[in-house]
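No experiment lies behind these values; they were computed from the predicted model shown.
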Amino acid sequence: MEHLFSTIFSLQLVSGETILLTAPMSLDGESDVTYRAPNLIRRIVSIFKNVRPGSDLTRFQLPPLFNMPKSQLQCYGETVYCVGNDMLSRCSKAESSLERFASVVAWSISTTRPLIFGVAPFNPILGETHHVSKGTLNVLLEQVSHHPPVSALHATDEKENIEMIWCQYPVPKFYGASVEAEVHGNRQLRLLKLGENYEMNSPRLLIRFLPVSSADWVGTVRIRCRETGLEAELCYRGSSFLGRRSNYRSIKGKIFESSSSKTIYEIDGHWDRTVSMKDINNGKLSIIYNAKEMLSGLKTPTVKDPKGVWPSESAVVWGEVSQGIMNKDWEKAKAAKTAIEEKEREGLRERKSRGETWVPKHFKLFSGKEGGWDCLPIQDLVPPAPIALPL
C-alpha cells in the first residue's frame, strides 16, 4: 500500500529531533490517495462503540493508524499559504468595493480543502506553533488552549498591506452514524490601506459512516464588511444519500447590501471545480474561482533556516510520529504519540500543583463578546519564518 502523502521534506536538526513536512492537501493529493486502514469502517465503529450519541469528542484521541502525518495547525496554515495563484493580492488591488468583496468571497472559498475519510490530523498540543512564509506573506499559528482546543492564526503581508487574524475551535460530536464538528470562532481579513475588515465564519465538518462513508464541508458561511456595507451568504452542501453529483461539494449563495438586503450577485458552483457569479442587474456571468488552478500542483514547504526552527514547531513536535506513519511503523508511531501526550499531561499536573495557568506566547486569549473565545496577536507584524513555501 502506498501512503497518501508521497511528497515530503525531512531533516534532522542539531538537537537530534526530526522535522518532517508533507505535501499540502490538494485536488492532486486527493486523487492519489490509496492508503486506507484495513477494514476501515469496522475499525472506526469499534473505536466509537463505547461513545454515547451526542457526546463531545474534543478530548477523544485517535490511534496513529487513523492520523495523517501533520497537525491541525498545519492544515489551518496551509489554507492561507498554500494556494496556486496570489488570491490575496487581488483582494487588496481590486478598484471598487464590490470587486474587492467578490475577491474576498473567492479567497474564502479557496480555504476549503478536500477531506479524506478515515484519517485526521493530530490534535495540537498546548503551545504548539506553526510558522511559515510564502514570499512576503508571513503566517504564524499557535495552540493557545487545549481544552477547549483553541487555535490562533496571525498573518501579515507588508507589501500588500494585508493582515489576517483567526481564532477558532472545533467542537466535534458523535451522533451514532456520523460525527459533526462545528468550527466556532471568527476569521478576519483586513485590507489595512483601505481600512476594510472582512469577518467570516467556517463551514461545519460532517463525517458519515453509514449508509455511505463520506467526509464533507456543510453549512452556511457568512462574510461581512461593515465599512462597505456588503455581506455574503454561502451554503455548502455535501454528498447526498441518493448520490446526486450535482449537489456534491456545491456552493450556492449571494452577495447583498447589508442595509436593504438587496441581492447584487448570485453565487453558484462547486468548491472543488468552479464557482460563478451572476450580476442580478444585467445577467452577466463570470467565473470567480477555479479550484484546479488554485489547488493543483501545490508545493511542500521546506526548511530554509534549521537553527531558526522553534522546538514548538508542529513539524518538530510530531516529526517522529509522522515518520512512523510514513514508514507504516505503527508501533513506533504509537510510542512516539503516547510520549507526547504523556509529556503534555505531566505539564498540566505540574502547573496545577503550582497554581499556574498557561499563558500563550504569541497571542492574548480572552472571552469573546458573544461567549466563546477570541484572540489578539501580541506583535503587529509576523516575522519571516525559517520554513518557507517555494515560489
Side-chain angles (χ1 to χ4, degrees), residues 24-31 78-80 82-115 162 187 189 191 196 198-206 214-225 228-240 242-258 260-298:
M25 297 300 297
S26 66
L27 295 180
D28 297 331
E30 181 193 33
S31 62
E78 285 176 2
T79 65
V80 174
C82 282
V83 63
N85 292 338
D86 192 0
M87 299 192 71
L88 281 173
S89 64
R90 296 182 192 176
C91 298
S92 62
K93 292 177 179 177
E95 293 185 2
S96 72
S97 59
L98 265 175
E99 288 176 322
R100 289 193 296 276
F101 197 92
S103 296
V104 171
V105 168
W107 172 79
S108 174
I109 294 171
S110 78
T111 64
T112 310
R113 301 300 165 95
L115 299 165
I162 289 175
R187 297 180 174 188
L189 172 61
L191 306 183
E196 295 175 358
Y198 299 80
E199 297 180 74
M200 62 203 79
N201 64 317
S202 306
R204 303 192 313 274
L205 168 61
L206 177 61
S214 63
D216 299 308
W217 294 110
V218 299
T220 301
V221 170
R222 293 179 174 84
I223 305 171
R224 183 177 185 181
C225 179
T228 60
L230 295 172
E231 292 187 49
E233 285 186 0
L234 304 174
C235 180
Y236 283 72
R237 295 181 182 177
S239 55
S240 68
L242 299 177
R244 292 175 180 167
R245 178 69 177 171
S246 60
N247 289 336
Y248 182 54
R249 293 180 172 176
S250 68
I251 290 181
K252 287 186 181 294
K254 60 182 179 179
I255 296 175
F256 59 97
E257 294 177 350
S258 301
S260 64
S261 296
K262 178 185 176 182
T263 299
I264 304 171
Y265 294 114
E266 289 181 344
I267 307 294
D268 191 21
H270 300 81
W271 63 260
D272 66 334
R273 282 163 269 175
T274 59
V275 179
S276 61
M277 181 175 72
K278 179 182 177 181
D279 190 322
I280 293 299
N281 289 326
N282 57 28
K284 183 180 179 181
L285 201 67
S286 57
I287 301 296
I288 62 169
Y289 180 68
N290 186 319
K292 189 173 182 180
E293 291 179 0
M294 301 302 166
L295 302 184
S296 296
L298 300 181

Next item on the list: Just do the side-chain contact (heavy atoms from CB on, under 4.5 Å) check on Asp216 and Leu115 with the steps written out, would you?
Entry: CA-CA 7 Å; Asp216 299 308; Leu115 299 165; 5.6 Å; no
Check: Under the side-chain contact (heavy atoms from CB on, under 4.5 Å) criterion, do Cys235 and Ile251 qualify, and how do the steps go?
Finding: CA-CA 5 Å; Cys235 180; Ile251 290 181; over 6 Å; no
Next item on the list: Might you work through the side-chain contact (heavy atoms from CB on, under 4.5 Å) test for Asn201 and Arg224, ending with a clear yes or no?
Entry: CA-CA 10 Å; Asn201 64 317; Arg224 183 177 185 181; over 6 Å; no
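Electrostatic pairing of Glu196 and Arg100 counts as a salt bridge here, judged by a charged N lying under 4.0 Å from a carboxylate O.
Scanning for side-chain hydrogen bond (donor to acceptor under 3.5 Å, both in side chains) contacts around Ser89 gives Asp86, with sequence neighbours left out. Not counting sequence neighbours, the partners of Arg204 by the side-chain hydrogen bond (donor to acceptor under 3.5 Å, both in side chains) test are Glu180. Every residue two or more places apart in sequence or in another chain was checked for a side-chain hydrogen bond (donor to acceptor under 3.5 Å, both in side chains) with Thr220, and none qualifies. Legend: residues meeting salt bridge (charged side-chain N to carboxylate O under 4.0 Å, His left out) with Arg90, ordered by chain and number and at least two apart, are absent. Evaluation of the side-chain contact (heavy atoms from CB on, under 4.5 Å) rule for Asn290 yields Thr274, Lys292, Glu293 as partners, not counting sequence neighbours. Take Glu233 and apply the salt bridge (charged side-chain N to carboxylate O under 4.0 Å, His left out) test, not counting sequence neighbours, and it matches Arg222. Taking Glu257 as the reference, nothing meets the salt bridge (charged side-chain N to carboxylate O under 4.0 Å, His left out) condition, with sequence neighbours excluded. Remark: Tyr198 engages Phe101 in a ring pair (Phe, Tyr, Trp, His ring centres under 6.0 Å) (not counting sequence neighbours). Evaluation of the side-chain hydrogen bond (donor to acceptor under 3.5 Å, both in side chains) rule for Lys252 yields Asp268 as partners, not counting sequence neighbours.
In this structure, Ile223 and Met200 approach most closely via the heavy-atom pair CG1-CB, 3.8 Å. Nearest heavy-atom pair across Gly238 and Val218 is N-CG1, 3.7 Å. Of all the heavy atoms in Ser202 and Val221, the pair that sits closest is C-CG2, 4.0 Å.
Taking the side chain as every heavy atom from C-beta outward, Glu231 and Phe256 approach each other to under 4.5 Å. By the 4.5 Å heavy-atom criterion applied to side chains, Ile267 and Leu234 are counted as neighbours.
Formation of a donor-acceptor pair under 3.5 Å by the Ser260 side chain with backbone atoms of Lys262 is found in this model.
The CG atom of Leu98 sits 5.0 Å away from the OH atom of Tyr265 when rounded to the nearest 0.5 Å. Expressed to the nearest 0.5 Å, how far NZ of Lys254 lies from OG of Ser261 amounts to 6.5 Å. With rounding to the nearest 0.5 Å, the separation of SG in Cys82 from CE in Met25 is 11.5 Å.
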Sequence neighbours excluded and cut-off under 3.5 Å, please list the side-chain donor-acceptor pairs for residues 103-111, or say none.
| unit_1 | atom_1 | unit_2 | atom_2 | d |
| --- | --- | --- | --- | --- |
| Ser103 | OG | Glu99 | O | 3.0 |
| Ser110 | OG | Trp107 | O | 2.6 |
| Thr111 | OG1 | Ser108 | O | 2.6 |
| Thr111 | OG1 | Arg187 | NH1 | 3.3 |

Between side-chain atoms of residues 277-289 and protein atoms elsewhere (two or more places apart, or another chain), which donor-acceptor pairs fall under 3.5 Å?
| unit_1 | atom_1 | unit_2 | atom_2 | d |
| --- | --- | --- | --- | --- |
| Asp279 | OD1 | Asn281 | N | 2.8 |
| Asn282 | OD1 | Lys284 | N | 2.8 |

